[in-house]
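These numbers were taken from a predicted model, which means no experiment stands behind them. Only heavy atoms go into these numbers, but all of them, side chains included; no hydrogens, no water, no symmetry mates. In what follows, chains carry the letters A, B, and so on, assigned in the order in which the sequence lines appear, proteins first and then strands, with residues in each chain numbered from 1.
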Amino acid sequence: MPVFALVDCNNFYASCEKLFDPSLRDIPIVVLSNNDGCVVARSAESKALGVPMGAPWFQLQELAKQHGIRAFSSNYALYADMSSRVVEILRGFTPSLEVYSIDESFLVLDGLPGSLDAIGRDIRERVATWVGLPVCVGIASTKTLAKLANHAAKKALAGRKGVCDFGAMGPDELSALFARIPVAEVWGVGRRLDERLAELGIGTVKELRDAPPAWIRERFSVVLERTVRELNGVSCLDLEDVAPAKQQIMASRSFGNPVFDLDGLSESVASHTTRAAEKLRAQRHVAGAVTVMIRSNPFKPWEPQYNRSEVVPLAEPSADTRELIRAALAGLRHIYREGYAYKKAGVMLCGLEPQLRRQGSLLVDPEREQRSAALMEAMDRINERWGRGSLRPLATGFDPGWRMRRERLSPAWTTRWDQIPIVGSRSR
DNA sequence: TCTGGGGTCCTAGGACCC
DNA sequence: TCTGGGGTCCTAGGACCC
């Protein structure tokens with residue numbers, strides 16, 4: 001029987017913010033989405049105050065003032081760096097590891113010496129000692145159960161010091177626990193499924209676990225059927241230790257201020273295309289089409305609304321930023337309409353295929369293609385060495401109007417020499 | 001003034017094929 | 001009166017995840 005562990009950082013973004021600023025200890029803090037829009041992470045103190053996940057920050061002003069809640073802009077440079085440090089530590093326990101998200105990893109612990117509970121406590125201690133972040137560990141025979149065990153370690157069985165191994169619990173104990181956990185906590189059960197399950201009298205994990213899989217498949221789908229099997233200890237989801245190549249690549253952002261004219265939209269679309277193209281080349285793929293999207297602000301229904309996208313196929317699949325921008329801007333000109341306050345623009349690259357396996361085409365000049373590849377590689381290397389955006393297409397512009405708001409950004413403590421924390425200094 | 005940004009998978013339905 | 005059976009591919013939409 002396989003043994004999966006799910007290691008999950010507690011309140012990850014909020015914990016990262018607290019890590020380098022001791023004055024924040026015991027202070028309620030939240031981390032905001034891009035444009036300082038809504039709450040995407042809360043410290044334990046903020047949760048205790050009842051700050052809801054996803055709440056718009058401007059609606060929390062009163063509560064924040066009352067309790068001294070501090071808010072931070074998303075500092076992805078910091079979170080990504082801390083995340084990779086945690087993963088590095090986890091790799092010290094097992095080579096079979098899947099990075100599931102920025103703050104979660106699945107580990108396969110089969111055949112390791114020592115008790116699983118002891119390994120779990122080791123993981124917790126090592127991460128806490130080496131990088132200072134709190135994690136919880138859930139251990140079970142399937143991924144879905146490991147997720148649930150992790151949840152139990154955080155909530156229902158918080159007394160177990162952040163480690164929960166379902167394998168060490170008896171069937172009655174497990175059933176009693178499952179009868180206390182709402183079915184919505186199960187990985188793969190979202191709001192809609194929760195509602196539909198409730199109508200059928202399934203409200204707890206235990207009730208879903210004990211439902212006949214065939215019946216679930218009939219009433220719902222093969223996806224939920226798989227979830228039921230996983231809850232019964234039948235492993236259906238394998239560890240994906242090699243991340244599969246993306247099938248589509250998105251880049252989009254809301255604007256810090258509304259944009260009205262084509263020029264502003266063009267600059268943002270060119271910027272998004274540039275970022276998407278970097279990701280595309282990083283996975284060594286080419287794209288067959290570019291989708292460009294623009295929309296007004298749906299939270300202002302009293303203003304005229306406009307929401308449109310267009311797919312622009314490329315004559316030949318490409319990873320050349322210039323060609324992708326040309327296609328995106330052609331699509332943008334086609335769908336742009338005057339008279340709207342635009343709130344968001346984005347591009348999506350699709351029809352992705354590996355760069356190398358491409359079929360030769362009579363329409364492609366090999367010499368030109370080589371020059372393109374060399375230029376893109378040079379640009380990527382310069383930007384890697386000197387920082388993103390050091391060398392960029394002119395079409396991405398200089399207008400700050402549409403760029404996102406980040407008024408509460410903490411320093412890039414670990415990724416910029418000029419922002420590294422200073423512990424003490426000798427004065428003369 | 002102010003409301004995120006990515007992704008995946010599955011299903012149904014239509015077009016089209018022989 | 002009466003109009004098959006099987007398949008593929010594509011797209012849109014809905015659900016989920018963090």
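Applying the 6.0 Å contact sphere to CZ of R70(A) captures no more than 12 heavy atoms from other residues, nucleotides or ligands. The environment of R388(A) atom CZ is sparse: at most 12 non-hydrogen atoms of other residues, nucleotides or ligands sit within 6.0 angstrom. Annotation: E62(A), atom CD; neighbour count of heavy atoms from other residues, nucleotides and ligands within 6.0 Å does not exceed 12.
Here CH2 of W187(A) is found 11.0 Å from CG of L145(A). Values are rounded to the nearest 0.5 Å. Note that CD of E125(A) is 9.0 Å distant from NZ of K161(A), once rounded to the nearest 0.5 Å.
Note on A55(A): nothing from the nucleic acid sits closer than 4.0 angstrom, heavy atoms only. As judged by a 4.0 angstrom heavy-atom cut-off over every strand, Q247(A) is placed among residues touching the sugar-phosphate backbone only. Among the atoms of the strands shown, none is found under 4.0 Å from any heavy atom of L32(A). Residue contacts for R275(A): at a heavy-atom cut-off of 4.0 Å it reaches the sugar-phosphate backbone alone, with no base atom in range. Residue W57(A) is out of contact with every strand shown, counting any heavy-atom pair closer than 4.0 Å.
The 5' end of DNA chain B is approached more closely, in terms of each residue's nearest nucleotide, by N297(A) than by the other of N297(A) and A245(A).
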### Task
List the steps and the verdict of side chain to side chain contact (heavy atoms under 4.5 Å, CB included) for R322(A) and M376(A).
CA-CA 9 Å; R322(A) 298 165 301 172; M376(A) 290 302 119; 4.0 Å; yes
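Using modelled atom types, one finds a donor on one side chain and an acceptor on the other under 3.5 Å when comparing S175(A) with R209(A). With 3.5 Å as the limit, one finds a donor-acceptor pair spanning the side chains of K47(A) and N11(A).
If you run side chain to side chain contact (heavy atoms under 4.5 Å, CB included) between M379(A) and each of E278(A), R392(A), E384(A), R281(A), only R281(A) comes through.
In the 5' to 3' direction, nucleotides of DNA chain B lying under 4.0 Å from heavy atoms of chain A begin and end at dC2(B) to dT11(B).
In this structure the side chain of H285(A) never reaches within 4.5 angstrom of the side chain of L349(A), judged on heavy atoms.
Shortest non-hydrogen contact noted between K344(A) and S252(A) is CE-OG, 3.7 Å.
dT3(C) and dC17(B): their P atoms are spaced 23 Å apart (whole Å).
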#### Entry: Secondary structure of DNA chain C in dot-bracket form (Watson-Crick or G-U wobble, distances below 3.5 Å, | marking inter-strand pairs)
....||||||||||||||
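Within residues 92-103 of chain A, the residues that place at least one heavy atom under 4.0 Å from DNA chain C are, in residue-number order, Y100(A), S101(A), D103(A).
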